[in-house]
**Q** 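Below you'll find the structure I mean.
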Amino acid sequence: QVQLVESGGGLVQAGGSLRLSCAASGRTFGGYAMDWFRQAPGKEREFVAAIDWSGGSTDYADSVKGRFTISRDNAKRTVYLQMNNLKPEDTAVYYCAARLGARAQGSYASWGQGTQVTVSS
């Protein structure tokens with residue numbers, strides 16, 4: 001099974017940028033699609049972005065389109081989430097997850113522990 005560790009979170013002012021990383025170890029990383037989710041206090045976990053195993057196909061929540069970019073480097077076993085023009089409503093714990101199959105199936109092999117992103121106004 002793949003193990004995931006997120007990093008790169010922190011405190012940033014509105015309009016600023018952060019790049020999150022999700023490093024994988026264990027089983028073959030390249031076989032998994034990778035998703036980013038987030039969960040704000042008192043709210044349900046929500047989908048943020050997805051990338052297929054090759055990096056050739058991506059998908060985003062409407063709330064982050066045009067501001068966030070997901071990418072991956074299979075040689076480094078890492079997936080990234082570049083977040084630009086951050087807004088206070090982006091404040092949340094961000095999680096990466098290794099997915100098997102289509103996102104609609106919701107079958108995940110592993111989740112990271114999360115990294116806190118706080119955007120001040």
Side-chain angles (χ1 to χ4, degrees):
Q1 186 168 345
V2 63
Q3 290 81 44
L4 304 173
V5 178
E6 301 97 335
S7 62
L11 174 63
V12 63
Q13 288 187 332
S17 298
L18 284 174
R19 188 176 81 155
L20 305 184
S21 298
C22 173
S25 61
R27 285 193 64 181
T28 302
F29 171 70
Y32 294 102
M34 297 296 295
D35 296 353
W36 283 96
F37 288 82
R38 67 187 182 186
Q39 187 166 21
K43 295 187 177 181
E44 294 187 354
R45 184 178 63 196
E46 66 173 353
F47 167 76
V48 175
I51 190 166
D52 72 351
W53 68 272
S54 70
S57 177
T58 58
D59 192 20
Y60 297 92
D62 288 343
S63 60
V64 307
K65 278 182 182 176
R67 300 188 298 122
F68 290 11
T69 303
I70 188 171
S71 62
R72 68 189 294 162
D73 185 334
N74 286 343
K76 294 183 177 180
R77 303 169 65 85
T78 302
V79 64
Y80 305 97
L81 185 68
Q82 178 66 45
M83 306 185 296
N84 297 329
N85 191 21
L86 283 161
K87 303 176 181 180
E89 52 263 42
D90 295 317
T91 295
V93 178
Y94 284 70
Y95 300 90
C96 63
R99 172 165 44 87
L100 301 169
R103 190 157 59 85
Q105 296 176 322
S107 178
Y108 291 92
S110 184
W111 291 81
Q113 84 289 349
T115 187
Q116 176 70 47
V117 172
T118 303
V119 184
S120 63
S121 57

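Note that the coordinates shown come from a computational prediction; the quantities given were computed from them, not determined experimentally.
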**Q** Could you pull out the closest heavy-atom pair between Q3 and Q1, with the gap in Å?
**A**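 Nearest pair, atom of Q3 first, then Q1: NE2-O, 2.8 Å.
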
**Q** Are V48 and L18 linked, directly or through other ILVMFWY residues, by side chains that come within less than 4.5 angstrom of each other?
**A**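 Yes, because V48 and L18 connect within a single hydrophobic cluster, where side-chain heavy atoms sit under 4.5 Å apart.
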
**Q** Which class fits the ring pair Y108 and F37: parallel under 30°, tilted 30 to 60°, perpendicular over 60°?
**A**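 If you compare the ring of Y108 with that of F37, the planes turn out perpendicular.
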
**Q** Can you tell me how far apart CZ (F68) and CG (N85) are? Round to the nearest 0.5 Å.
**A**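 Reported value, rounded in 0.5 Å steps: 9.0 Å.
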
**Q** Using the ring of F29 (Phe, Tyr or Trp, six-membered ring only), decide whether R77 places NZ or CZ under 6.0 Å from its centre and within 45 degrees of its axis.
**A** no

**Q** Among V93, L20, L81, which one satisfies side-chain contact (heavy atoms from CB on, under 4.5 Å) with V117?
**A**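 Between V117 and the candidates, side-chain contact (heavy atoms from CB on, under 4.5 Å) is satisfied uniquely by L20.
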
**Q** Cluster question for you: counting only ILVMFWY and a side-chain heavy-atom cut-off of under 4.5 Å, with indirect links fine, are L86 and V64 together?
**A** yes

**Q** Could you tell me whether W111 atom CH2 has more than 12 heavy atoms of other residues or ligands within 6.0 Å of it?
**A**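 Check passes, neighbour count above 12.
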
**Q** Could you grab the distance from atom CE of M34 to atom OG1 of T78, nearest 0.5 Å is fine?
**A** 9.0 Å

**Q** Between V119 and M83, is there shared hydrophobic-cluster membership here, with clusters defined by ILVMFWY side-chain heavy atoms closer than 4.5 Å?
**A** yes

**Q** Flag the pair R38 / S63 as yes when at least one side-chain heavy-atom distance between them is below 4.5 Å, and no otherwise.
**A**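 Counting from C-beta outward, R38 and S63 do come under 4.5 Å.
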
**Q** In plain terms, say whether K87 and D90 are close enough for a salt bridge, that is, a side-chain N and a carboxylate O under 4.0 Å apart.
**A**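 No salt bridge links K87 with D90.
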
**Q** Does Q39 reach the main-chain N or O of A92 with its side chain, forming a donor-acceptor pair under 3.5 Å?
**A**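 No.
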
**Q** Roughly how far, to the nearest 0.5 Å, is SG of C22 from CD of E6?
**A** 5.0 Å

**Q** Mark yes or no for whether Y60, through its side chain, and I70, through its backbone, hold a donor-acceptor pair below 3.5 Å.
**A** yes

**Q** State the CZ-CG distance between R103 and D59, to the nearest 0.5 angstrom.
**A**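 The CG atom of D59 is 4.5 Å from CZ of R103, to the nearest 0.5 Å.
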
**Q** Can you see which heavy atom on A14 is nearest to which on S121, and at what distance?
**A** CB-CA, 4.4 Å

**Q** Would a hydrophobic clustering, with Ile, Leu, Val, Met, Phe, Trp and Tyr connected at side-chain separations under 4.5 Å, put L100 with L4?
**A** yes

**Q** Do the numbers put R45 on top of the ring of Y95, so that NZ or CZ is under 6.0 Å from the six-membered ring centre and no more than 45° off the axis?
**A** no

**Q** Using every non-hydrogen atom in the two residues, find where R99 and I51 come nearest and quote the distance to one decimal.
**A**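 Where R99 meets I51 most closely, the heavy atoms are NH2-O, 4.5 Å.
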
**Q** Once rounded to the nearest 0.5 Å, what's the spacing between atom OG1 of T58 and atom CZ of R72?
**A**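 Nearest 0.5 Å value for the OG1-CZ distance: 12.0 Å.
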
**Q** Transitively linked via ILVMFWY side-chain contacts under 4.5 Å: V79 with V2?
**A** yes

**Q** Any side-chain heavy-atom pair from T91 and Q116 closer than 4.5 angstrom?
**A**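 Yes, side chains in contact.
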
**Q** Give, for atom CD of Q82 and atom OG of S21, the distance between the pair rounded to the nearest 0.5 Å.
**A** 9.5 Å

